[in-house]
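Model, not experiment: these values are computed from the prediction. Sequential numbering from 1 along the given sequence is applied to the chain's residues.
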Amino acid sequence: MTNETFKPIVYLKENCPFCLKVRLFLLESGLASEVESRDFVPGTAREQEIRTELLPHVDKVSFPCAQLEPGRYVTESDDIVAFFAAKAGRDPARLPVYRNYVDGVFAMSMKLWKENQDLKKAASAA
C-alpha cells in the first residue's frame, strides 16, 4: 500500500492555444506546482508515447488532456480550467493574465481559425 496522494496530470502540446490557456490558468492560480505536467512537441516520439498512454482512456485523443482524478480524463480546456478553478476557489474571470489571453489572443486565434475553415469550405465548393 502507498501513502502517496494522487497528483493530477495535464498533457500539454507545445504551441497549442488551448494548452496555453490551461497552462496560464494553472500558473496564475498558483496550482502549477500541484499538477504533473507532461509536455511534448508535436511530431516527436514523446507525443506518440503520450497518445498511446491516453488512447484507452478517451474517445478521441486531443490536447490539452488531463487526468483530474484516478481514472477520470478530460480533454476540453474549459472543463480542465473549471475543475482546477473549483479546486483552488479561484474565479478565472478575476485572473487578469488568463482573461487577457482568453479575451485577446485566444479569441482572435479562434476567429481566424473559423474564417480559414469557412474559406477552405468555400474554395472546395467552387
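When hydrophobic clusters are built by joining Ile, Leu, Val, Met, Phe, Trp and Tyr residues whose side-chain heavy atoms come closer than 4.5 Å, directly or via intermediates, F40 is grouped together with I9. When the side chains of ILVMFWY residues are joined at heavy-atom separations under 4.5 Å, either directly or via intervening members, V10 and I50 end up in two distinct hydrophobic clusters. Residues V22 and V102 share a single hydrophobic cluster, defined by chaining ILVMFWY side chains whose heavy atoms lie under 4.5 Å apart. In the hydrophobic clustering of ILVMFWY residues, with side-chain heavy atoms under 4.5 Å counting as a link, F106 and M108 come out apart. In the hydrophobic cluster analysis, where Ile, Leu, Val, Met, Phe, Trp and Tyr join through side-chain heavy atoms closer than 4.5 angstrom, V35 is grouped apart from V58.
Of all non-hydrogen atoms in P8 and K87, the two that sit nearest each other are CG-NZ, 4.0 Å. Contact between P64 and C19 at its shortest, heavy atoms only, is N-SG, 3.5 Å.
The OH atom of Y73 lies 4.5 Å from the OH atom of Y11; values are rounded to the nearest 0.5 Å. Atom-to-atom distance recorded for L31:CG and F84:CZ is 7.0 Å, nearest 0.5 angstrom. One distance of note links NE2 of H57 with OG1 of T75; it measures 13.5 Å at 0.5 Å rounding. The CD atom of Q67 sits 8.0 Å away from atom CZ of R38, with the distance rounded to the nearest 0.5 Å. Note that CD1 of I80 is 12.0 Å distant from CZ of R23, once rounded to the nearest 0.5 Å. In this structure, SG in C65 is found 12.0 Å from NZ in K13, a value given to the nearest 0.5 Å.
Under 4.0 Å is where a charged nitrogen must lie from a carboxylate oxygen, and between D78 and K21 at least one such pair does.
You'll find the side chain of L12 reaches within 4.5 Å of the side chain of S37, heavy atoms only. Contact of the F63 side chain with the L54 side chain is registered, since non-hydrogen atoms from C-beta on lie closer than 4.5 Å. Annotation: side chain of V74 is not in contact with side chain of F83 (no heavy-atom distance under 4.5 Å). The closest side-chain heavy-atom distance from T52 to E49 is not below 4.5 Å.
Within the structure, salt bridge (charged side-chain N to carboxylate O under 4.0 Å, His left out) contacts touching residues 117-126 (residues at least two apart or in different chains) are K114-D118.
Atom CG of N116 has more than 12 neighbouring heavy atoms from other residues, nucleotides or ligands inside a 6.0 Å radius. Other residues, nucleotides and ligands contribute at most 12 non-hydrogen atoms within 6.0 Å of the CZ atom of R94.
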Mind running side chain to side chain contact (heavy atoms under 4.5 Å, CB included) on M110 and F18 for me, showing each step along the way? CA-CA 10 Å; M110 294 303 101; F18 297 96; 3.4 Å; yes
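Looking only at distances, no side-chain donor or acceptor of E28 sits under 3.5 Å from a matching main-chain atom of L24.
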